[in-house]
There are 2 protein chains.
Amino acid sequence: MATHGKRTRIEDIRRVELIAAAHRVFLEHGLQGMTSARICREAGMSPGILAYYFKGKDEVLFGMVRYNNRLLMEDVIARLAAARTGWARLEAIVEGNFPASAFTRPIANAWLSVCAEAGANPQYARLQRLFYRRLRSNLASVFEGMSDATRLRQASLIIAALIDGLWLRKAAADDVGRDEAIALVFSGIRSLLREGEEQHLRHVTR
Amino acid sequence: MATHGKRTRIEDIRRVELIAAAHRVFLEHGLQGMTSARICREAGMSPGILAYYFKGKDEVLFGMVRYNNRLLMEDVIARLAAARTGWARLEAIVEGNFPASAFTRPIANAWLSVCAEAGANPQYARLQRLFYRRLRSNLASVFEGMSDATRLRQASLIIAALIDGLWLRKAAADDVGRDEAIALVFSGIRSLLREGEEQHLRHVTR
DNA sequence: TAGATTTTTGTACGCTCATACAAGATTCTG
DNA sequence: CAGAATCTTGTATGAGCGTACAAAAATCTA
């Protein structure tokens, strides 16, 4: 009992440490530069440690992506819970997709390398789909009851594509700042919405 | 003189054959799967041939990207030359960015892998910037004289981001077809433009 | 056709990286 | 404290890749 508790504790600690280290390496060097040796060095451990706590590198990798997504989603979830009007919820979603500390060229690049890898690796594709579905359903919850189904699909697709595209531009040219990116998305949203719909979002809904 | 002509011919033929083969491999396997051996096999040649006609793999790679960009741009340039109204030129640009035969999940993925690599490799970043600058200036030539500078920058950024984002969505989830993608971009454009501006684009300009 | 030049082939070297593993260090147990 | 279990280290192995190169084949020249 006692030994079991301790053993599990240390194992979990190491796993988290290694995944956090992997995350830092990933943000700095991208998926390509995230080698086993670098992860261990970043964690201050020996190169062979990964094989002890993980079945293989893929396990570290998936853990890292989940870790990353959790960090991002926690922020959005907290903001969504605090939001009172539809517009505030929209702000939470959009701003949550451009974290102040994360809308950076190297990070945009790192994220891009995951998207690229998702084409070859079905497991990645699944993680991506999950993340994207959450965004879509968040947007849908803001717009629901406002428009017909096809318009809603269009609007949420456009907004999602806009967000992704701005990240891509960040990675490629770094020609847009965080505040400008958010402003651009809202500019797009305002253009998409009719006058009455925009007013509707300003009412307190919950 | 005569020998020089012949020698140059064969060298150019092989280089083009190899670059075309590299392009096919790239579209199918992405940047990651584009190995020297595969390129040579695709071209029906021996593995060592690359070293004879190219200084290294990078040279093949940059040649392949240029080859790809040329293919895409030829289409846009031809459509632009034939366009008479501003709206037609806009259609040429937008539809040219979604080639019917190329708006495919594997191709979107391949393109994405180049964007991801551009983060680490400055040479790639240069090629990407060139390609993107062309899109922006094409868009600017359509909108010029219509709006003030900041609105123009906003609009062209949003449209460019929308196009990129839709390609990214294609790669990630394949949840949007070519026609729908084009329709979405135009839906975004129409939302962005005021009524008078949209009418302005329907006049014959040249 | 003989020799010279160009083109192509096949292979071998060196590098990077993930993974496996034996040996050492640490912590727990009785 | 001795012995066992757990944890950590450092290194070795092998696969995949780009590249260099010697030898073979093909083509050209006189």
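The analysis underlying the following values was restricted to heavy atoms, covering all of them including side chains, and did not include hydrogens, waters or symmetry mates. Keep in mind that what you see is a predicted model, and the values were worked out from it rather than measured. Labels below follow one simple rule: chain letters A, B, ... track the order of the sequence lines, proteins then strands, and each chain is numbered from 1.
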Taking atom [atom2] of [N] as reference, at what distance in whole Å does atom [atom1] of [X] sit?
X       : N      : atom1 : atom2 : result
A/Ile49 : C/dA20 : CD1   : C1'   : 14 Å
A/Ile10 : C/dT26 : CD1   : P     : 14 Å
B/Leu50 : D/dA20 : CG    : P     : 12 Å
A/Glu11 : C/dC28 : CD    : C1'   : 17 Å
B/Tyr52 : D/dT27 : OH    : C1'   : 12 Å
A/His29 : C/dC17 : NE2   : C1'   : 15 Å

- Query: Looking only at N and O atoms, is any donor in the side chain of B/Ser36 or the base of D/dG18 less than 3.5 Å from an acceptor on the other one?
  - Reply: no
- Message: Ring centroids only, cut at 6.0 angstrom: are A/Trp111 and A/Phe103 within range, meaning strictly under it?
- Response: no
- Message: Under a 3.5 Å cutoff, is there a donor and acceptor pairing between the side chains of B/Ser156 and B/Arg136?
- Response: yes
- Message: For the residue pair B/Tyr132 / A/Arg169, report whether a side-chain donor-acceptor contact shorter than 3.5 Å exists.
- Response: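 B/Tyr132 and A/Arg169 do have a side-chain donor-acceptor pair below 3.5 Å.
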Side chain of [X]: nearest nucleotide among [options]?
X       : options                : answer
B/Lys57 : C/dC17, D/dG10, D/dG18 : D/dG18
B/Ser46 : C/dT9, C/dT19, D/dT8   : C/dT9
A/Ala51 : D/dG18, D/dT9, C/dA20  : C/dA20

- Report yes if a side-chain nitrogen or oxygen of A/Arg14 is closer than 4.0 Å to either non-bridging phosphate oxygen (OP1 or OP2) of D/dT8; otherwise report no. yes
- Message: Please classify the nucleic acid contact of A/Tyr53 as base, sugar-phosphate, or nothing, using heavy-atom distances under 4.0 Å.
- Response: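 Sugar-phosphate only.
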- Query: B/Leu193 versus B/Phe143: any side-chain heavy-atom pair under 4.5 Å?
  - Reply: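 Yes - at least one pair of side-chain heavy atoms lies under 4.5 Å apart.
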